[in-house]
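These notes are about the structure you will find just below.
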Amino acid sequence: MAELQNLAYLVAAASDLAAWRSFGADIVGTGVADTGGRSVGLRLDDHPWRLLIEQGADDDLTHAGWDLGTQAALEEYVDELRAKGADVHEESADRALDRCVERLFSLADPLGYTHEFFAGRTGEVADGGKLSPVLRGPGFITDDLGIGHILPVAKNYEADMRWYREVLGLRYSDRIRQEMAPGIYADATFFHTATGRHHSLATGAFPSPKRLNHLMLEYRDMNDVGLACDRAKKAGIPIVLELGHHPNDQMFSFYMRTPSGFGIELGYGGVVIDEATWEPQVHPVMSDWGHARNMEMVD
Ligand SMILES: [Fe+2]
């Protein structure tokens, strides 16, 4: 059975590309790639880009790109999707070139964005991909683990969870059910790929006008989490959740609002799952300390 290896890139539509360019370089610490006038590419490593921000009024996630590892695995995965009745189709050579991949397949997600499947990126950056000088440490944890994770907002929670497991083939990590008031629960379910980052995708039912609640990027140096939080506050960027720690993926992180309104979590210390010893749990709290909420993710 072919399986998703990692979440390799994201594409979002944004109304203010200049704001994203400086948000990436000056606050988060990404590199900035030249992708033409109508988009901004944010670089996390030696890939040509990992976040592609395209001009558009949507201000939301549009595509999530998954690496299958090999062309043979990609073809097998697409065949298996079709056997399950999923309406997956091959994108044009031009679109594949835009994404810096050889062949590209796509499938609509029930939550309103599109999954893209490929095997390996092309067009690596000659200089190794310089990141922003604001970083103290060596950058971001990517490689086989992918760029981080996304939390798209469920529309039909139980059915959406099944879709991620049964159609996309993601592995179940764990779940959090926190009682916010008597009988009222905040609930999220977490999924990982074959390479084991605790979650590449989670979903939960939250009130939200956006498809994407947040994306997460992980630093290699813990100090970069605090330094990014300081830079964000100094720049007047809204902090959604203060510094804190999640009990399931063990991520030390904070959340702020991106120029497009959805959130970004910047973290350190996330768990990589070892299937031999991993025992999924249902945790009773979203955070075991910190993450004090200042505002909702989207105004
Ligand atoms: Fe997260």
Side-chain angles (χ1 to χ4, degrees), residues 6-10 12 27-28 30 44 50-51 60-61 64 66 109 111 113 140-142 145-154 157 160-161 164 170-178 186-193 195-208 210-220 222 224-226 228-229 232 237-258 260-273 280-298:
N6 63 69
L7 175 62
Y9 65 75
L10 298 174
I27 308 297
V28 180
T30 68
L44 304 181
R50 292 284 198 165
L51 300 172
D60 211 335
L61 176 70
W66 301 89
D109 183 281
L111 307 185
Y113 62 103
F140 301 87
I141 295 179
T142 54
L145 300 180
I147 63 164
H149 66 240
I150 52 173
L151 197 160
V153 179
Y157 187 30
D160 297 336
M161 283 195 291
Y164 283 126
L170 290 169
R171 303 184 190 188
Y172 174 68
S173 306
D174 49 25
R175 185 166 178 169
I176 300 180
R177 270 174 67 78
Q178 179 172 357
D187 193 320
T189 301
F190 301 79
F191 301 97
H192 60 285
T193 62
T195 51
R197 182 189 279 281
H198 175 276
H199 59 287
S200 291
L201 186 149
T203 193
F206 309 105
S208 172
K210 298 278 182 194
R211 294 187 287 277
L212 185 65
N213 174 272
H214 73 273
L215 67 104
M216 191 285 303
L217 305 177
E218 186 176 7
Y219 292 115
R220 292 180 183 273
M222 187 182 79
D224 276 317
V225 178
C229 191
I237 291 168
I239 305 295
V240 180
L241 301 179
E242 299 282 354
L243 291 166
H245 183 265
H246 289 301
N248 60 338
D249 67 354
Q250 300 287 318
M251 193 72 76
F252 162 68
S253 64
F254 76 101
Y255 294 66
M256 64 180 152
R257 198 185 292 158
T258 68
S260 287
F262 54 79
I264 186 169
E265 176 184 12
L266 296 176
Y268 171 83
V271 162
V272 176
I273 288 176
Q281 298 177 46
V282 178
H283 295 269
V285 289
M286 292 286 171
S287 305
D288 43 13
W289 61 265
H291 285 156
R293 181 174 293 279
N294 290 326
M295 62 191 70
E296 294 309 312
M297 206 63 79
V298 180

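All values below were derived from every heavy atom in this structure, side-chain atoms included, with hydrogens, water molecules and symmetry-related copies excluded. Both ligands and their constituent atoms are indexed starting at 1 by order of listing.
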Is the ring pair H245/W289 parallel, tilted or perpendicular, if the boundaries are 30 and 60 degrees?
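Ring orientation, 0 to 90° scale: parallel.
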Strictly distance-based, threshold 3.5 Å: is any side-chain N or O of D60 a donor or acceptor partner for the main-chain N or O of L212?
yes
Treating H199 as the side-chain partner and T189 as the backbone partner, does any N or O pair qualify as donor plus acceptor under 3.5 Å?
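The answer is no, because no donor-acceptor pair under 3.5 Å joins these two groups.
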With rounding to 10 degrees, what does the angle H214:NE2 / the Fe ion (ligand 1) / H149:NE2 come to?
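Centred on the Fe ion (ligand 1), the NE2/NE2 angle is 100° (to 10°).
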Would you check if the Fe ion (ligand 1) lies under 2.8 Å from any N, O or S atom of H199?
no
Suppose we only count N/O/S atoms under 2.8 Å; would H246 qualify as near the Fe ion (ligand 1)?
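It does not: H246 brings no N, O or S atom closer than 2.8 Å to the Fe ion (ligand 1).
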Once you round to the nearest 0.5 Å, how far does CG of L170 lie from OG1 of T203?
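Going from the CG atom of L170 to the OG1 atom of T203 covers 11.0 Å.
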Among the N/O/S atoms of E265, which is closest to the Fe ion (ligand 1)? Give the atom name.
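Among the N, O or S atoms of E265, the one closest to the Fe ion (ligand 1) is OE1.
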